[in-house]
A.B. asks: 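Quick one: this structure, given as structure tokens, is what I'll be asking you about.
Numbers restart at 1 for each chain; the letters A, B, ... are given by sequence-line order, proteins then strands. Remember, it's a predicted structure, so these values are computed and weren't measured experimentally.
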Amino acid sequence: MKHTLSVLVEDRPGVLARVASLLARRGFNIHSLAVGPTAEPGMSRMTIVVDAPELEQVKKQLHKLVNVVRITELDPATALEREIMLVRVAAPAGRRGEVLEIASIFKATAVDVGPSSMCFQISGTPAKINDFLDLIRPYGIVDLVKSGRIAMAREQKTKPGRLRAVN
Amino acid sequence: MSTITGAQALITALEHEGVDVVFGVPGGAILPAYDPLHDSPIRHILARHEQGAGHMAEGYAWATGRVGVAMATSGPGATNLVTPLADALMDSVPIVAITGQVPTSSVGNDAFQEAYTTGITMPATKHNYFVTDVDEIPQVVREAFHIASTGRPGPVLIDLPKNVLTATTTWHEPGEISLAGYKPTVDGHPRRVKEAVDLIAEAQRPVLYVGGGIIKANASAELRRFAELVNVPVTTTLMGRGAFPDDHRLSLGMPGMHGTYTAITALQKADLLIAIGVRFDDRVTGKVDTFAPHAKVIHVDVDPAEIGKVRTADVPIVGDARRILTQLIEAWAGRETPDRHPWLDTIAAWKRDYPLRYDQQPDGPIKPQFVIEELYRLTDGDATLVAGVGQHQMWASQFWRFSDPRRWINSGGLGTMGFAIPAAIGAKVGRPDDLVYAIDGDGSFQMTLQELITAASEGIPVKVAVFNNRSYGMVTQWQKLFYGGKLSASVLGDDVDYVKIAEGLGCAGLRAETPDEVAPTLEKSLAIDDRPVVVELVVDPDEMVFPMVPAGASNDEVILGPDDLGSLP
């Protein structure tokens, strides 16, 4: 079962290693991990997608790290989740039209064109990106790189309690 | 403001934390720190191996409740500290380790005696620091001591590159500690406390299952008051021996793999566990699915990650054990102390019918249990016992009648053979007026015996009983029980003269080979106080530790003794 965690950490050297090492040591599999600065100076945000049967231990163990400030579990049904992907598709001149048509439906942007392939940039929900991939896969994927998921909770409207902070 | 070096800032910061002793071994990268240390009132005890220095710091912390400090150089000095750090993490022992590091300009270049100390020790510490700015040293030291000693205590390491130690700075008075991600909970949630008290009032067969957390929180007095108030029997884990007096009418002794039948069975039959400062370790629970199957669980721990890790708690209470026991006592106010008659009578019957036992024949080989009982008799139990790991550790824990906290010191979670001698040295340094007696096996002894040199040359008169069965006794026990008696690589069989070793290292050496020699030899050891003493006790190599619940078996399957082995699968 995949869970998305938004983890606020102090921006210190080695903090990524601490988090990754802890997850590995406790036997939790990291599906993706994205990290970057926040609006708050000295703080970074990690979005971690982990594969674990239940999340309580993951959260509690992460919380034992001195540099981990706050952990929020995001409900995939309501959270904003985004990925960015660069994908190079085999597209000789004769097939470029078909590929571009699919790309335009998904609002993927062509960022490089060569004699035998095209490279697209696409951002969106993990589901959208996977759908796009499924459609272009038959043309032959030459290379692919994903950013790892980033996520944020929506502003709470009517249903509080979806966002659970652990302490 | 006068200019000082990073090394001077370090030593001053240690003095400000109240450090009176550092256990260490010098070397290239840490040399700058040893220079001001020489002029400091802080005593330095020169261990003969960094592992020894680490365990000494642990022994000191166990015995005193204060933070123990170990110092080592970069590379092998730091890697030799890994075992004591891992040990301290498992057993929640507050120590601060200070390591030298190659200069920052050489870091990452495979420099001489370079090791990635913070990386290597990351999973073996509660937290660690790699200091690159000399101005930060006082604040880092302050934080390290705070983290090591608060919440669930544990080891913290500070790695200091040589150029940071030699760089100049001015004294930066450490400020308030403000760690955004580290705020341990102290007070228990009042609603949970009330729920706990209601459960205790309703329970028919409650058991207090308490461990090292009581000792770490200095909560023994509160525990005793509470246990008597609610009239609930108490079992103390290996880490919690001494948290509750063994001679108390409510004491059940130790639970788990080598616990008393009464403690093991009381947990199995209980309808409520009041678990305080324990972590449902596999050595206590046996097969988890069948552990205390009828019991609801109140789980009190300062570490929220322990609650629900192994066993779901019906009432989880996060906080300091002493504070929460006080809250429980207050919340109980107005209720009567239950007589708990059927339950306490059943327990009394188990105690009577299934006591710990062994058979010492007057003309037979020395039984290790007999040695523990004789030592207890000769000292009136007025001693701190420090154990290595193995059979001797279990016998010491079973047969000593503990009455005070911090007077039983051992390696519980990590099971570090070789712990006894250095930890005893640390304990004796911390409590010089106490009689500190290490109980060691010959296997354990051989792992750190060089620290006897430390004890002798530093004038630390510890006593070490070596139970010599010429084998890794616990290994042979398992091989006899579970591997068809094939004693693979477990019989030492060596002809070591422990008396000569002791004398060669500057200690007194004594030996007892027959039961009638035990008491006079131990008496002699107690009379020597001008140097360390090693007492070799040639014990029965065939003696096994019982009761025993085989690893992974249910706690309903207690093997009581050798004549009970038919029940093995």
A.B. asks: Any donor-acceptor pairs between chain B and chain A, under 3.5 Å? If so, list them.
C.D. replies:
| residue | atom | partner | partner atom | Å |
| --- | --- | --- | --- | --- |
| A/Arg18 | NH1 | B/Asn128 | OD1 | 3.1 |
| A/Arg18 | NH2 | B/Asn128 | O | 3.0 |
| A/Arg18 | NH2 | B/Asn128 | OD1 | 2.8 |
| A/Gln57 | NE2 | B/Ala305 | O | 2.8 |
| A/Lys60 | NZ | B/Pro304 | O | 3.2 |
| A/Lys60 | NZ | B/Ile307 | O | 2.7 |
| A/Lys64 | NZ | B/Asp303 | OD2 | 2.6 |

A.B. asks: Name the region of A/Leu65, side chain, backbone, both or neither, that has any atom closer than 4.5 Å to a heavy atom of chain B.
C.D. replies: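 Just its backbone gets close to chain B.
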
A.B. asks: Is A/Val68 in contact with chain B via its backbone, its side chain, both, or neither, using a 4.5 Å heavy-atom distance?
C.D. replies: backbone

